[in-house]
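Heads up, the thing below is written out as structure tokens.
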Amino acid sequence: MTWLRRLLRTPEGAAGLAILLVLLLAGLFAPVISPGDPLKIAGRALLAPFTDPGFPLGTDRLGRDVLAGLLYGARTSLAVGLAAAFAAMVLGLCVGLAAGFAGGPVDEALMRVVDAFQIVPAFLLALAFVSTIGVSTPIVVLAIALGAWADPARLTRAQVLAIREQDYVASARVIGMHPAEIAFREILPNALPPVLALSATIVAGAILTEAALSFLGLGNPNIATWGSMIAEGRSVLRSASYLSVIPGAALAVTVLGVHLFSEGLGKALGNDGARAA
């Protein structure tokens, strides 16, 4: 766990990890802090924050608890962000590894597919996919992953192209190791650090994309999301701006935490890579 110690020694890494841990705990303990359905009507409509002890952050136009929506929205944002990033990373790693290791026509064909996905803005691709297929959490995760896998694929390919020429890879070929074994045991572990550092950025982008889709009414309507909470506050922005400001601030803090964690992780993994070299 040397990289974790190095991560905690960096100010941005420690701050980002602290923010993400708070959000993770808030999401995990949401049923304990605010039991029940966060979308149910719980009190009088448009209660301002800090005016009623039962509703610390107030209520929305329908009388739903803003704090409950915020906590359950954290679960949604983190779950969608992590799931989409995981799917994008797995697909990107597989495509990049295959392209870089095989080379030749396989590399050329796979890179043209990557180029095709990189041409289309990720949000527009997710928007079109969800609008066409339908609205559900798995569909949103898949739509976001489809717009995010190309970058890790290109980065993995670049790493593999450099690593496959190393002496230890040539030695593995000489002793008769199977190509798949060389790819997954000798090359992939050494290509992972920069790609893992990129994963935090993908999580941040996925959280923002999910919020944007929910804001446009293309998120799952049966769960609380920060994007839908921001959209709900638009019509009363002058008289009850907190309905949009509170979830908007939570979204900004989350993305900031992921960005700081990404910076710290990049430095920690970079130090490991420098020491290994």
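Position 1 is the first residue of the sequence; numbering continues from there. Excluded from the calculations below are hydrogen atoms, water molecules and symmetry mates; all remaining heavy atoms, backbone and side chain alike, are included.
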Open item on the list: Going by the rule ring pair (Phe, Tyr, Trp, His ring centres under 6.0 Å), which residues pair with Phe117 if we only count those two or more places apart in sequence or in a different chain?
Closed with: Trp149
Open item on the list: I want to check something: taking the side chain as every heavy atom from C-beta on, are Leu97 and Phe184 in contact at a cut-off of under 4.5 Å?
Closed with: yes
- [ ] For Tyr242 and Thr59, indicate whether the former's side chain and the latter's backbone hold a donor-acceptor pair under 3.5 Å.
- [x] yes
Open item on the list: With clusters defined by side-chain heavy atoms of hydrophobic residues (ILVMFWY) lying less than 4.5 Å apart, directly or transitively, does Leu57 cluster with Leu237?
Closed with: no
Task: Any pair counted as side chain to side chain donor-acceptor pair (under 3.5 Å), so long as it reaches residues 178-188, sequence neighbours left out - done: Glu181-Arg185
Task: Approximate separation, where rounding is to 0.5 Å, of Ile163 CD1 and Asn190 CG - done: 5.0 Å
TODO: Output every pair passing salt bridge (charged side-chain N to carboxylate O under 4.0 Å, His left out) with a member in residues 8-20, not counting sequence neighbours, ordered by first then second residue.
DONE: Glu12-Lys267
TODO: Taking Tyr72 for its side chain and Ser34 for its backbone only, find out whether a donor-acceptor pair lies under 3.5 Å.
DONE: yes
Task: Whichever hydrophobic residues join Phe86 through chains of side-chain contacts under 4.5 Å - done: Val90
Open item on the list: Under the side chain to side chain donor-acceptor pair (under 3.5 Å) definition, can you give me all pairs with a residue in residues 115-131, not counting sequence neighbours?
Closed with: Arg112-Asp115, Asp115-Arg154, Gln118-Asp151, Gln118-Arg154
For residues 201-213, run the donor-acceptor check on the side chains, cut-off 3.5 Å, and write out each pair with its distance to 0.1 Å, sequence neighbours left out.
{"unit_1": "Thr209", "atom_1": "OG1", "unit_2": "Gly205", "atom_2": "O", "d": "2.8"}
{"unit_1": "Glu210", "atom_1": "OE2", "unit_2": "Ser214", "atom_2": "OG", "d": "2.9"}

TODO: Hey, could you give me each pair passing salt bridge (charged side-chain N to carboxylate O under 4.0 Å, His left out) that has a residue in residues 27-47? Not counting sequence neighbours.
DONE: none
Open item on the list: Keeping Ser77 on the side-chain end and Ala74 on the backbone end, is there a donor-acceptor pair under 3.5 Å?
Closed with: no
TODO: Quick one: which residue pairs count as a salt bridge (charged side-chain N to carboxylate O under 4.0 Å, His left out) with a foot in residues 213-224, not counting sequence neighbours?
DONE: none
Open item on the list: Let me check something: do Val253 and Ile246 share a hydrophobic cluster, defined by ILVMFWY side-chain heavy atoms less than 4.5 Å apart, either directly or through other members?
Closed with: yes
- [ ] Could you work out the complete set of other residues in the hydrophobic cluster of Val245, with links drawn between I, L, V, M, F, W and Y side chains under 4.5 Å apart?
- [x] none
Task: Note, Leu20 side chain near Leu260 side chain (heavy atom, < 4.5 Å) - done: no
Open item on the list: With salt bridge (charged side-chain N to carboxylate O under 4.0 Å, His left out) as the rule and sequence neighbours excluded, what pairs involving residues 155-173 come up?
Closed with: Asp107-Arg157
Open item on the list: Check for me, please, whether Val113 and Leu161 land in the same ILVMFWY cluster - side-chain distances under 4.5 Å, paths through other members count.
Closed with: no
- [ ] For the pair Thr254 (side chain) and Ala250 (backbone), establish whether a donor and an acceptor sit closer than 3.5 Å, ignoring hydrogens and angles.
- [x] yes
Open item on the list: So for atom OH, which belongs to Tyr168, do other residues, nucleotides or ligands contribute more than 12 heavy atoms lying within a distance under 6.0 Å?
Closed with: yes
Open item on the list: Please give the remaining members of the hydrophobic cluster of Leu47, linking ILVMFWY side chains under 4.5 Å, ordered by chain and number.
Closed with: Phe55
Open item on the list: Just to verify, what does Ala83 make a side-chain contact (heavy atoms from CB on, under 4.5 Å) with, not counting sequence neighbours?
Closed with: Val141
Open item on the list: So does Gly248 get a backbone contact from the side chain of Trp226, meaning a donor-acceptor N/O pair under 3.5 Å?
Closed with: no
Open item on the list: Within the 4.5 Å heavy-atom criterion, are Asn222 and Thr137 side-chain neighbours or not?
Closed with: no
Task: Under 3.5 Å donor-acceptor, Ser228 side chain and Ala224 backbone - done: no
